[in-house]
Amino acid sequence: MFKINENYLKLRGSYLFSTIAKKVAAYQEAHPDKELIRLGIGDVTLPLAPAVIDSLHKAVDEMASAETFHGYAPDLGYEFLRKAIADNDYKARGVEIALDEIFVSDGAKSDSGNIGDIFSQDNKIAVCDPVYPVYVDTNVMAGRTGTFLEDEEKWSNVIYMPCTAENNFVPELPKETPDIIYLCYPNNPTGSTITKAQLQEWVDYANKVKAVIIYDAAYEAYISEEDVPHTIYECEGAKTCAIELRSFSKNAGFTGTRLGFTVIPKELKQGDVMLNSLWARRHGTKFNGAPYIIQRAGEAVYSEAGKKQTAEQVAYYMNNAKTIREGLSEAGYKVSGGVNAPYVWLQVPEGMTSWEFFDYLLENANVVGTPGSGFGPSGEGYFRLTGFGTYENTVKAIERIKALNK
Ligand SMILES: *Cc1c(COP(=O)(O)O)cnc(C)c1O
């Protein structure tokens, strides 16, 4: 008789977004005349850039001829793409990453989940609180998280690192020593970031305690300030302790086409075993590559035209984020984020919970956002709005929120 992976039964339901969807649907049904504005969006909304579309068309045409047809992609990804990544994302920032340290994939979500395959079940993970839920859920599936403590809303075997206004949303080094540390900067959901000096402390700590940092840099393209690292490998010693996840989703709108990559330096070892070799083996066995067509589209992101066009898209979202941040600030809210990330994180008014503020905003301004408590216990009292809507709707939503004060 077969047995299932019982860890899946421990998973918490996708409580956050299903609850939001239900509340929004119920409100709209009761008030069909109200026009709702959704600023809870965690997905891009602009179409793919023209340079990307051209490249897609060209690659599709190549598939129609026997001379230029492509079957299975190489395990690590096509060299044309890995070269573009190494040159533009790393060499241009003074970091040498070899082509066989780059693994092209179908996105950072799969990689952040799958990377757990190369680590034993007996690893203690540390996550920021609030957190991108994928890090915790995939470790629940792997059986690393212990039992769920209902009253604390925490897993017994996970180290939670609170990120609140008090520490500027960057965690302190944990008291208990973790084996695997998840960091995501610029951060989803708080929109905050980390300075190079702060990240260096984490790298030094990880090397000292022999932990691995899984660094999610999906929002790298949104960085606008000087002192913010674009890659963890800007920090000295990062190659012996860090794995970096990247995505084409948020910088170039590939959420629907799917493309990302993971960097594992060959210096990153346990004893004489390179994690790079384990991941290469995992990739070769369980993954048959991102499509040729999509890898060509990814290459186009690094062309002159592609860089310019995708930078314009990022600027559009960041202008929305700025509109939200400044508008809410004027309305008297305490806000953070929205400078190096498309997310604005606001403190809900005194005396309200995140969910109460969600209802208040839905009913009084017809604006939909995301309650901070849905991302972890330390998110209580906070609320996330995103710059991924249209400019017109963003302006309208902020006007409505401002009008609540009158
Ligand atoms: C959107 C997002 C990603 C990107 O995932 P893809 O699978 O590449 O689309 C990764 N990490 C975080 C924190 C995100 O918000």
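All values derive from a computational prediction rather than experimental measurement. Counting convention: from 1, in listed order, for ligands and their atoms alike.
- Contacts between F254 and ligand 1 below 4.0 angstrom, taking non-hydrogen atoms only, are absent altogether.
- With N340 contributing its side chain and E225 its backbone, the two residues share a donor-acceptor pair below 3.5 Å.
- Shown in contact with G107 at under 4.0 Å from a heavy atom are these atoms of ligand 1, numbered in order with element: 7 (O), 8 (O).
- In terms of N/O distances under 3.5 Å, ligand 1 is approached by N188.
- With 3.5 Å as the limit, one finds a donor-acceptor pair spanning the side chains of T240 and N207.
- Geometrically, ligand 1 and Y343 share no nitrogen or oxygen pair separated by less than 3.5 Å.
- Within the listing of ligand 1, atoms 3 (C), 10 (C), 11 (N) sit less than 4.0 angstrom from a heavy atom of A218.
- For atom 9 (O) of ligand 1, the closest non-hydrogen atom on the protein side is S249 OG, 2.6 Å.
- Looking only at side-chain heavy atoms (C-beta outward), L16 and F375 come within less than 4.5 Å of each other.
- You'll find the ring centres of Y391 and Y316 outside the 6.0 Å limit.
- Polar contact check, S247 against ligand 1: a nitrogen or oxygen pair lies under 3.5 Å apart.
- The protein atom (non-hydrogen) at minimum distance from atom 15 (O) of ligand 1 is Y219 OH, 2.6 Å.
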TODO: Could you please spell out the steps behind the side-chain hydrogen bond (donor to acceptor under 3.5 Å, both in side chains) verdict for E299 and Y78?
DONE: CA-CA 10 Å; E299 181 191 29; Y78 286 99; over 6 Å; no
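- Of all the atoms in ligand 1, the ones that sit under 4.0 Å from a non-hydrogen atom of D216 are 10 (C), 11 (N), 12 (C), 13 (C).
- Ring orientation note: the planes of Y382 and W345 are close to parallel, at an angle under 30° on the 30°/60° scale.
- With E234 contributing its side chain and R93 its backbone, the two residues share no donor-acceptor pair below 3.5 Å.
- Only the side chain of C184 comes within contact range of ligand 1, with a heavy atom under 4.0 Å; no backbone atom does.
- Looking at K109 next to ligand 1, an N or O pair under 3.5 Å apart turns up.
- The closest side-chain heavy-atom distance from W155 to L149 is not below 4.5 Å.
- A distance of 6.0 Å or more separates the ring centres of F383 and Y333.
- Not a single heavy atom of F248 sits under 4.0 Å from any atom of ligand 1.
- Heavy-atom contacts of R258 reach the following atoms of ligand 1: 6 (P), 7 (O), 8 (O), 9 (O) (cutoff under 4.0 Å).
- With hydrogens left out, the protein atom closest to atom 1 (C) of ligand 1 is K250 NZ, 1.2 Å, a heavy atom.
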